[in-house]
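Okay, so here's the structure we're looking at.
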Amino acid sequence: MAKIFPEPSRTFGEYLIVPGYSSKTCIPENVSLKTPAVKFKKGEKPAVTLNVPLVSAIMQSVSDDRMAVALAREGGMSFIYASQSIEDEADMISRVKGYKAGYVQSDSNLRPDMTLADVLRLKEQTGHSTMAVTEDGTCGSKLLGIVTSRDYRVSRMSPETPVHTFMTAFDKLHTAPADTTLSEANDIIWECKLNTLPIIDDEQRLKYFVFRKDYEQHKENKDEMLDSQKRYMVGAGINSRDYSERVPALVKAGADLLCVDSSEGFTEWQKNTLDWIKNRYGESVKVGAGNVVDKDGFRFLANCGADFIKVGIGGGSICITREQKGIGRGQATALIEICKERDAYFKETGTYIPICSDGGIVHDYHMTLALAMGADFIMLGRYFARFDESPTNKLMINGTYVKEYWGEGSTRARNWQRYEMGGDSRLTFEEGVDSYVPYAGTLKDNVTLSLSKVRGTMCNCGCLTIAQLHKNAKLTLVSSTSIVEGGAHDVILKESRAGRVE
């Protein structure tokens, strides 16, 4: 008969962390969230280390080049989605690697014949108040002027007012040539008391904006993920179908880390993919694999040469794999078992393989629980989909701002490669849904808040590193009654509380 696990599989919501002794040195400022992203031998350092334990999911609705830059600024890493053409994915990688910190390509552009109504619509869509007015309304064409919130008054102007009548015209702008260094650009901003400096080429075509606020943010971002050439680091998703064409293109474009994107990783398809990459590139190309939910799956991918292993099947908010196919496991139980096996593997072989927990995060404190259970870093989809930097549209539904969010197994994404079972090039049934998530603002503000909570909880445990948390954290199961007790109860709330990762 089938093997039946005696204990039920559990989720993060069924656990709490029990505090440990905290010395006076256990303060958030002393906590390091650095964590290995790829395997390494005992006594050596990993080739890739994350400065914060967060990566964005390999999804169309989450990880593009804009998200990659924003997350790298905060110390994490994005994995550009693989459900697009090889050329388009490579282009996204190239844009991240070619991005000049402080130089921003304009993604809010107008034509001079557009109207104030178009300005307001674009501002609502992108959240940006500085907009370039170019000859054809695209970034890279001839710059004719700029519109900022100081150029118009909604209460005193008709929505049909043409942009060219109220924009700040080119001849009134401070600009700088294309060969201007970032240091020189910032000097101009400070000397001329500017908020924005357009960088243009010899033909007056807009190349970049340099913003005063970015200079200040850059000084604050001590955790930026930079490679040896001071470029932002970025990951890339691959599949087990076209890897022999996709991987060389992504490596050439500069991808720092690859990951096989699959709903289930305990397969010959993943072995073939990993074998091909390791035989061709050796250890010069790092690639993670997954997803698996038990120790057998971990051992299989470890023996195949995976540089990190992703844990989780069916726990994502838009994933219906468990509902459709009846496969998966509670994320907490899967993570605990696999991390225990990871430690046994390290003891046996002297090789440490990082674990990425993928799915099941509902509240911010679940991040700390995942780390305490042994995860080295966490992959998040819905969490990042809510932010300005995600590639989806911001809409207003029933008076509330939301962003679109859909699964790779949905009809909308049609990412059949992720569900590779050796059949036709199509999805026979859905394993993901198309949805909305509440809009939450900027990535920086939200990640800063979430990681403040992680650091605070680690201090409660007397831990200043993730490795210490792995070793010293104490977890307890909670009853359904104590879950109710843990929230606000027996009171009338004055207002809604923050903290849930919607």
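All values below come from the heavy atoms of this structure, side chains included, with hydrogens, waters and symmetry mates left out.
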Original post:
Any side-chain heavy atom of V55 within less than 4.5 Å of one from M379?
Top reply: yes
Original post:
Any luck finding a side-chain donor-acceptor pair between K403 and S390 under 3.5 Å?
Top reply: yes
Original post:
For residues 77-93, which residue pairs qualify under salt bridge (charged side-chain N to carboxylate O under 4.0 Å, His left out), counting only residues two or more places apart or in two chains?
Top reply: E89-R246
Subject >> H470 side-chain N/O to M373 backbone N/O, donor-acceptor pair under 3.5 Å >> reply: no
**OP:** Please check if the side chain of R205 supplies one atom and the backbone of C139 the other of a donor-acceptor pair under 3.5 Å.
**Re:** no
**OP:** Please say whether more than 12 non-hydrogen atoms of neighbouring residues, nucleotides or ligands are located less than 6.0 Å from NZ in K286.
**Re:** yes
Subject >> E283 bridged to K278 by N-O distance under 4.0 Å >> reply: yes
**OP:** Begin from the C-alpha positions of E348 and R299 and carry the test salt bridge (charged side-chain N to carboxylate O under 4.0 Å, His left out) through to its verdict.
**Re:** CA-CA 12 Å; E348 293 169 18; R299 283 281 176 168; 2.9 Å; yes
Original post:
Just by distance, do the side chain of S141 and the backbone of T138 share a donor-acceptor pair under 3.5 Å?
Top reply: yes
**OP:** Evaluate the side-chain proximity of I199 to V210: yes if any heavy-atom separation is below 4.5 Å, no if none is.
**Re:** yes
Original post:
Given side chains that start at C-beta, do those of F79 and C356 come closer than 4.5 Å, heavy atoms only?
Top reply: no
Subject >> Those residues that, when tested against R280, pass salt bridge (Lys or Arg N to Asp or Glu O under 4.0 Å) (two or more places apart) >> reply: none
**OP:** Answer whether the closest heavy-atom distance between the side chains of I17 and T457 falls below 4.5 Å.
**Re:** yes
**OP:** Give a yes or no on whether a salt bridge exists between D201 and K207, defined as a side-chain N under 4.0 angstrom from a carboxylate O.
**Re:** no
**OP:** Would you indicate whether K97, at its atom NZ, is surrounded by more than 12 heavy atoms from other residues, nucleotides or ligands within a distance under 6.0 Å?
**Re:** yes
**OP:** Could you tell me whether a side-chain N or O of E14 sits under 3.5 Å from a main-chain N or O of L477, the two making a donor and an acceptor?
**Re:** no
**OP:** Say whether D445 and T448, considering side chains only, have a donor N or O and an acceptor N or O under 3.5 Å apart.
**Re:** no
Original post:
Any side-chain donor-acceptor pair under 3.5 Å between S56 and S78?
Top reply: yes
**OP:** Could you list the residues that satisfy ring-ring contact (aromatic ring centres under 6.0 Å, His included) with Y439, not counting sequence neighbours?
**Re:** none
Original post:
Between R455, M458, K453, which is the residue that forms a side-chain contact (heavy atoms from CB on, under 4.5 Å) with P28?
Top reply: R455
Original post:
Would you call the rings of H363 and Y365 parallel, tilted or perpendicular if under 30° counts as parallel and over 60° as perpendicular?
Top reply: parallel
**OP:** Just do the side-chain contact (heavy atoms from CB on, under 4.5 Å) check on Y15 and I336 with the steps written out, would you?
**Re:** CA-CA 12 Å; Y15 287 88; I336 290 169; 3.8 Å; yes
Original post:
Has Y281 got more than 12 heavy atoms of other residues, nucleotides or ligands less than 6.0 Å from its OH?
Top reply: yes
Original post:
Can you tell me how far the SG atom of C339 sits from the CG atom of D376, to the nearest 0.5 Å?
Top reply: 7.0 Å
Original post:
side-chain hydrogen bond (donor to acceptor under 3.5 Å, both in side chains) between S61 and E404: does it pass, once the steps are laid out?
Top reply: CA-CA 7 Å; S61 55; E404 295 176 300; over 6 Å; no
Original post:
Would a distance-only check, ignoring hydrogens and angles, find a side-chain to backbone donor-acceptor pair under 3.5 Å from N239 to R241?
Top reply: yes
**OP:** Go through the steps to decide whether T126 and S108 satisfy the test side-chain hydrogen bond (donor to acceptor under 3.5 Å, both in side chains), and finish with yes or no.
**Re:** CA-CA 7 Å; T126 65; S108 298; 3.1 Å; yes
**OP:** First locate atom CG of D256, then atom CG of L258, and finally report the distance between them rounded to the nearest 0.5 Å.
**Re:** 9.5 Å
Original post:
Do the ring centers of F209 and F211 come within less than 6.0 Å of each other?
Top reply: yes
Original post:
Backbone N or O of D223 within a donor-acceptor pair of the N51 side chain at under 3.5 Å?
Top reply: yes
Subject >> Reference residue L301; test side-chain contact (heavy atoms from CB on, under 4.5 Å); the match among L274, N291, I353 >> reply: L274
**OP:** Report the residue from L443, V447, V362 that forms a side-chain contact (heavy atoms from CB on, under 4.5 Å) with Y383.
**Re:** V447
Subject >> Distance-only polar pair, side chains of Q60 and S83, donor-acceptor under 3.5 Å >> reply: yes
Subject >> NZ or CZ of R386 within 45° of Y401 ring axis and under 6.0 Å >> reply: no
**OP:** Decide yes or no for K45 and F40: does some side-chain heavy atom of the first lie under 4.5 Å from some side-chain heavy atom of the second?
**Re:** no
Original post:
Which atom pair, heavy atoms only, marks the closest approach of T333 to P8?
Top reply: OG1-O, 3.9 Å
Subject >> Nearest non-hydrogen partners of C463 and N472, listed with the distance >> reply: SG-CB, 4.0 Å
Subject >> Atom pair CZ (R329) and CZ (R10), whose distance is rounded to the nearest 0.5 Å >> reply: 12.0 Å
Original post:
Between the main-chain N or O of T442 and the side-chain N or O of N446, is there a donor-acceptor pair closer than 3.5 Å?
Top reply: yes
Original post:
Around atom CD of E268, are there more than 12 heavy atoms of other residues, nucleotides or ligands at under 6.0 Å?
Top reply: no
Subject >> Y352 and F346 aromatic ring geometry - parallel, tilted or perpendicular at 30°/60° bounds >> reply: perpendicular
**OP:** Would you confirm whether S63, through its side chain, and I58, through its main-chain N or O, come within 3.5 Å as a donor-acceptor pair?
**Re:** no
**OP:** Identify, with sequence neighbours excluded, every residue that meets ring-ring contact (aromatic ring centres under 6.0 Å, His included) alongside Y243.
**Re:** W276
Original post:
Are any of the side-chain heavy atoms of V287 and I238 separated by less than 4.5 Å?
Top reply: yes
**OP:** Look at atom NZ of K394 and say whether more than 12 heavy atoms of other residues, nucleotides or ligands are closer to it than 6.0 Å.
**Re:** yes
Original post:
Could you give the distance from CG (L54) to CZ (F377), rounded to the nearest 0.5 Å?
Top reply: 10.5 Å
**OP:** Indicate yes or no for a side-chain donor-acceptor contact from K34 to the backbone of L50 under 3.5 Å, with no hydrogens or angles considered.
**Re:** no
Original post:
Between OH of Y345 and CG of N303, what distance do you get to the nearest 0.5 Å?
Top reply: 5.5 Å
Original post:
For Y405, which residues count as a ring-ring contact (aromatic ring centres under 6.0 Å, His included) partner, sequence neighbours excluded?
Top reply: none
**OP:** Give every residue pair that meets the salt bridge (charged side-chain N to carboxylate O under 4.0 Å, His left out) criterion with at least one member in residues 49-66, sequence neighbours excluded.
**Re:** D65-R95, R66-D107
Subject >> Residue of the set V48, L257, I355 for which side-chain contact (heavy atoms from CB on, under 4.5 Å) holds with F308 >> reply: L257
Original post:
With no hydrogens and no angle check, is any side-chain donor or acceptor of T351 less than 3.5 Å from a backbone partner on K41?
Top reply: no
